[in-house]
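Read through the structure below, which is laid out as structure tokens, and then see the notes.
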Amino acid sequence: MRKKLIAGNWKMNKTVNETIRFFDNLLTNIDHSIISKVDIAVFPPFLDLYVALEKCKKIDIIIGAQNMYYKDEGAYTGEISPVMLKESGVNNVIIGHSERRCYFNDSDNVINEKVLSAISHNINPILCIGETEKERKDNKHFTVIERQIKRDLFNINSENIRNITIAYEPIWAIGTGKIATPDDADEMHKHIRHIIGEIYDNEVAENLRILYGGSVKPNNSKSLLERNNIDGALIGGASLKPDLFLEIIKSAIE
Ligand code: PEP
């Protein structure tokens, strides 16, 4: 049985004070017994990581980073290394979000370097993959996803794949209010599991957590999360409001 994971990607939102207020609200309103039933993660901007980790010291909520560079140190102005993350107590990182791919030119090659680097520092990546609207219209979505998986996970062995979560995030659904139907999302997750089974083996594929991301809100989360192949959600906009985030978390165990 794969335990569901509900993860919030805050993107470039929230100051330190807003982060403190978010966790004060969430931790007051969350029923702590929920934590044994569903995994919860929040990925704030780098500057907010310290207070987020402090706030979640006594509760099992994962705090992770939204990105990292693949080198340990050096002349890479503006970048954050896995060594820095690890020492700060960060053990999880989002890699390959479509906004990184589109706005900051993170290629599959760079993403693969980042995944390998994260793994070598014992940081668990959530690898994001997804097709554009045109690729889906042209019926290329299955091949695009297969290509991304093969490139992004190049040289990841069958031990290390166990520490990776995949997030299927169709680009046309991110921040647009458009959402993949539960049937379409489940079909793609099945496809991803099949590819992982071919590269590694069935046991690895069965244990792999695959999240859906793209306009998940409290009014659509249950219909996605109840599908067999959907093991959780990566949530942007709705993760910024503690009440909406909590409603989605609850819908994962209903
Ligand atoms: C995301 O940023 O990963 C995301 C899915 O955003 P949204 O939920 O706002 O579509």
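Counting convention: from 1, in listed order, for ligands and their atoms alike. Along the sequence shown, residues are numbered consecutively beginning with 1.
- Close approach of ligand 1 to Asn9 (heavy-atom distance below 4.0 Å) involves ligand atoms 1 (C), 2 (O), 3 (O).
- Across all non-hydrogen atoms, the minimal contact from Ile164 to Ile119 is CG1-CD1, 3.8 Å.
- Side chains of Asn17 and Thr15: a donor-acceptor N/O pair is absent below 3.5 angstrom, by distance only.
- Summary of contacts: the protein heavy atom closest to atom 1 (C) of ligand 1 is His97 NE2, 3.2 Å.
- Look at Ala173 and you'll find a heavy atom under 4.0 Å from some atom of ligand 1.
- Using a 4.0 Å cut-off between charged nitrogen and carboxylate oxygen, Glu113 and Lys71 do not count as a salt-bridge pair.
- Using a 4.0 Å cut-off between heavy atoms, Ile174 contacts ligand 1 through both its backbone and its side chain.
- The nearest protein atom to atom 4 (C) of ligand 1, hydrogens excluded, is given as Gly236 N, 3.5 Å; this is a heavy-atom distance.
- Within a 6.0 Å sphere centred on NZ of Lys217, other residues, nucleotides and ligands contribute more than 12 heavy atoms.
- Interface atoms of ligand 1 facing Gly175, defined by a heavy-atom separation under 4.0 Å, are 7 (P), 9 (O), 10 (O).
- Scanning the protein for heavy atoms near atom 9 (O) of ligand 1, the closest one is Gly237 N, 2.9 Å.
- Side chain to side chain, Glu187 and His191 fail the donor-acceptor criterion of an N or O pair below 3.5 Å.
- When each atom of ligand 1 is checked for a heavy atom of Gly214 under 4.0 Å away, the hits are 5 (C), 10 (O).
- Remark: the backbone N or O of Val83 is not paired with any side-chain donor or acceptor of Asp72 at under 3.5 angstrom.
- The shortest N/O to N/O separation between Ser215 and ligand 1 falls below 3.5 Å.
- Ranking protein heavy atoms by distance to atom 3 (O) of ligand 1, first place goes to Glu169 OE2, 2.7 Å.
- Under 3.5 Å, the side chains of Glu203 and Asn207 contain a donor-acceptor pair of N or O atoms.
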